[in-house]
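Remarks on the structure that follows.
Residue numbers start from 1 in every chain, and the chains themselves are labelled A, B, ... in the order their sequence lines are given, proteins ahead of strands.
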Amino acid sequence: MSERPVRVRFAPSPTGPLHIGGVRTALYNYLLARKLGGTMILRIEDTDQNRFVPGAEDYIRQSLEWVGIELDESPWKGGPHAPYRQSERKPIYREYADQLIRDGYAYYAFDTPEELDAMRERLQAAKVPNPQYNSITRTQMRNSLTLPENETQALLDAGAPYVIRLKVPRKEEIRFQDLIRGWVVVHSSAVDDKVLMKSDGMPTYHLANIVDDHLMEISHVIRGEEWLPSAPLHVLLYRYLGWEKTMPQFAHLPLLLKPDGTGKLSKRDGDRLGFPVFALEWHGTDPETGEPTVSRGYREDGYLPEALVNFLAFLGWNPGTSQEIFSMPELIEAFSIDRVSKSPAKFDVAKAKWYNEHYLRAKPDAELAPYLLAALGEHGIECSAEKAAQVVGVMKERVSFPQDFWQEAKYFFEAPTEYDQAVIAKKWNAQVSAALGAYADALPADSEPSANAEVLKSIFNQTMEAQGLKPGQVLQALRVAVTGAGAGPDLFETLAILGTGEVAQRLRAARERLG
RNA sequence: GGUCCGUUCGUCUAGGGGUUAGGACAGUAGAUUUUCAUUCUACCAACAGGGGUUCGAUUCCCCUACGGACUACCA
């Protein structure tokens, strides 16, 4: 049944920043497309003009770019089925809505919002199990099914506001096969007469989505589980439009849940729980106060895109092996829709952090250096790319995020202004101080190219022996005197990067301050 | 409320009629490391409950409970 080319689409609406769950949906679409040699399409679903948010579309584009999801057809790149923005396809939908009316599958409805509210209240009061505009209630409403034909025509001619609704059958079983869930069966009585065309002349999601997926020859619809309840409606639409044979295959992805408690992961959870729910930082406005707001992004928080992708891929999918680390090409190779799980996944950032640490350590020093260089630049400190790479090289095993480099390694660029008191109290005394003075004197000049960690260590050992001390008695004091901190990467590596001149100077300064 | 979907360690999950129910993250302990971190090793820890079917159910079926989604002229 699916001998035709694989074409998948990610279809966000530009109503705000792209949620991390949306990124995962896009990722799964992309993985399937690449795995099967198909086409990845992005379509902007902007049929609701009231919810348009400036900048959102660009944000979506940048988010996908950042995580490495490439689009074969999109509003920005174009393609054989352009335009890829629904607002630019407006006339197309009208045509199909008219077709549905002609064929008796849809009808005009003239009910005002007040009348609809009244209807719902009436139904509620009558304890109707599911109040909705359907095969029963439509007989009591103002629509082209209840109104005489000439009256309908008169209303239309007079320009009365109306919507077009789908005429859902009273008793019919609607079934379809979901790639992830198997057969899903819903009775038509549970589906209401959904609005297809709004009174502003724009289609609703339901109509636009089906028309576009058909016209764009989409083979697989991979989307979040929140769409599962409306899938039967979509099946009906394909049928009534005469497109059932080429209906795409559906795959409804399990939801991403809040890490604590329950419920779908939402935009607010990020601030509440202290982790980003967006790929990129978003600058918006509070809808209530109009105040500018900033929402954190994974990128700005220091996550590497490959770590985010790997983490996201594993939320709802696994390869069935014990391999945890996957690059994008490896994910593409291993991905298959039937290994996507049915049950929702709680979003746990701890795992994302672990992935980040992994990818950070795996990255070459030269690629990590720019992060440090940028922080140094902000603080007005000059540093060569070589030295930055060295520092990053010894630090990357002990940090989780690139921004930690500056935070944890300041002392490579600034002499300490205070010393870890716990270590001082325990390890610092007159004899140790004198020994460190001797070490400072024994250090070769800065220009000495042979002053590597190895050499510095042997000089240290010799000096201590001459002082009648064991290295272990002095090492911690040496570290604190030079870096101010009680912990850090290999001491002599640290000293080597610092340079002997700087080390000697810091040692003398420490002796002056600590006695 | 109604419809639909789901339920294996704290979390992500593997497995699938007979297993010591496996891995990863987190946690704990130990080894290495002059320190901290890394790394390595070990430990902790799960089949929601009740009925069936079966020689045997975590696995298949039903019910219950719990969780979630949806229930707009939003997507």
- Message: Counting only Watson-Crick pairs (N1-N3 plus N6-O4 or O6-N4) and G-U wobbles (N1-O2, O6-N3), all under 3.5 Å, who is the partner of C70(B)?
- Response: G2(B)
- Task: Look at the side chain of R181(A) and decide which nucleotide, out of U35(B), U3(B), G6(B), has an atom nearest to it.
- Result: G6(B)
- Query: Choosing from U13(B), A75(B), U11(B), which nucleotide comes nearest the side chain of K198(A)?
  - Reply: A75(B)
- Message: Are Y205(A) and W227(A) an aromatic pair, judged by ring center distance below 6.0 Å?
- Response: yes
- Query: Taking NZ from K258(A) and C1' from A69(B), how many angstroms apart are they, rounded to a whole number?
  - Reply: 13 Å
- Sub-6.0 Å ring centroid separation between F275(A) and Y298(A): no
- Item | Any strand: nucleotide that pairs with C60(B) via Watson-Crick or wobble, under 3.5 Å | G52(B)
- Item | Rounded distance in Å between the C1' positions of U58(B) and G15(B) | 10 Å
- Message: Measure CD/E226(A) against P/G68(B) and give the value in whole Å, please.
- Response: 15 Å
- Atom P, compared across C40(B) and G23(B): separation rounded to whole Å: 15 Å
- Looking only at atom C1', what distance separates C73(B) and G10(B), rounded to whole Å? 45 Å
- Query: Between C4(B) and U64(B), how far is it from one P atom to the other, in whole Å?
  - Reply: 13 Å
- Between G23(B), G6(B), U35(B), which nucleotide has the shortest distance from any of its atoms to the side chain of S343(A)? G6(B)
- Message: As a test of understanding, state which of T152(A), T146(A), V163(A) forms a side chain to side chain contact (heavy atoms under 4.5 Å, CB included) with F110(A).
- Response: T152(A)
- W317(A) side, atom CH2; L27(A) side, atom CG - distance, nearest 0.5 Å: 9.5 Å
- Item | U71(B) and U53(B), which share atom name P, separated by this distance in whole Å | 42 Å
- 5' priority, RNA chain B, between P113(A) and L475(A) [closest heavy atom]: L475(A)
- Task: Rounded to whole angstrom, note down the C1' distance from G27(B) over to C66(B).
- Result: 27 Å
- Could you give the CG-to-P distance, from D192(A) to C4(B), as a whole number of Å? 15 Å
- Message: Side chain of P229(A) only, heavy atoms from C-beta on: which candidate in C70(B), A24(B), U35(B) is closest?
- Response: C70(B)
- Task: Rounded off to whole Å, could you give me the CH2-to-C1' distance for the W227(A) and U71(B) pair?
- Result: 13 Å
- Message: The side chain of N130(A) is closest to which nucleotide in this list: U35(B), A24(B), G2(B)?
- Response: G2(B)
- Message: Counting distance alone, no hydrogens or angles: does the base of C74(B) have a donor or acceptor under 3.5 Å from a partner atom on the side chain of R51(A)?
- Response: yes
Short heteroatom pairs, N/O only, protein and nucleotides 38-45 of chain B, under 3.5 Å:
| residue | atom | partner | partner atom | Å |
| --- | --- | --- | --- | --- |
| U38(B) | O2' | E397(A) | OE1 | 2.4 |

- So, the side chain of R165(A) versus the backbone of D193(A): is there a donor-acceptor pair under 3.5 Å, distance only? yes
- Note on the structure: Among the nucleotides A75(B), A24(B), A69(B), whichever has the atom closest to the side chain of L255(A) is A69(B)
- Task: Indicate whether the side chain of Q390(A) and that of D365(A) have a donor and an acceptor atom separated by less than 3.5 Å.
- Result: no
- Polar side chain donor-acceptor pair, H252(A) to R223(A), under 3.5 angstrom: yes
- Is U28(B) paired to anything, Watson-Crick or G-U wobble with both distances less than 3.5 Å, and if yes, which nucleotide? A42(B)
Could you go through nucleotides 64-67 of chain B and list every protein N or O atom that sits under 3.5 Å from one of its N or O atoms, giving the distance for each pair?
| residue | atom | partner | partner atom | Å |
| --- | --- | --- | --- | --- |
| G67(B) | O3' | T262(A) | OG1 | 3.3 |

- Note on the structure: Among the nucleotides U34(B), C25(B), A24(B), whichever has the atom closest to the side chain of A350(A) is C25(B)
- Query: Between Q476(A) (CD) and U35(B) (P), how many Å, whole number?
  - Reply: 8 Å
- Message: With a 3.5 Å limit on both atom pairs, tell me what C9(B) is paired to, counting Watson-Crick and G-U wobble, or say none.
- Response: none
- Message: Quick check: on RNA chain B, is the nucleotide nearest L315(A) upstream (toward 5') of the one nearest I180(A), or the reverse? Name the residue that is more 5'.
- Response: I180(A)
- Answer yes or no: is there a donor N or O on one side and an acceptor on the other, between the side chain of N356(A) and the main chain of L304(A), under 3.5 Å? yes
- Message: Between F311(A) and Y303(A), is the ring centroid distance below 6.0 Å?
- Response: no
- Message: Suppose we call a contact any N or O donor and acceptor under 3.5 Å apart; does that hold for the side chain of K194(A) and the base of A72(B)?
- Response: no
- Query: Side-chain N or O of S341(A) less than 4.0 angstrom from OP1 or OP2 on U13(B)?
  - Reply: yes
- Note on the structure: Side-chain contact check for V163(A): nearest option of C12(B), C73(B), G23(B) is C73(B)
- Task: Could you give the distance separating A46(B) and U8(B) at their C1' atoms, to the nearest angstrom?
- Result: 6 Å
- In whole angstroms, the gap separating P of G15(B) from CG of D338(A) amounts to 11 Å
- Message: Mind checking if K342(A) touches a base, just sugar-phosphate, or nothing, with heavy atoms under 4.0 Å?
- Response: sugar-phosphate
- Task: Respond yes when some side-chain nitrogen or oxygen of S230(A) is under 4.0 Å from OP1 or OP2 of U71(B), and no when none is.
- Result: no
- Tell me: CZ of R223(A) to C1' of C5(B), nearest whole Å? 14 Å
- Message: Taking U38(B) as the reference, what is the distance to C25(B) when you measure between their P atoms (whole Å, please)?
- Response: 12 Å
- Please confirm whether F460(A) and Y439(A) have ring centers closer than 6.0 angstrom. yes
- Message: Looking only at the side chains, is there a donor atom on one of Y84(A) and D212(A) sitting less than 3.5 Å from an acceptor on the other?
- Response: no
- Task: Please tell me which of the listed nucleotides, A72(B), A75(B), C4(B), lies nearest to the side chain of D48(A)?
- Result: A75(B)
- With the side chain defined as heavy atoms from C-beta on, R339(A) is closest, among U3(B), G6(B), G15(B), to G15(B)
- Item | Expected output: side-chain N143(A) to main-chain Y108(A) donor-acceptor under 3.5 Å | no
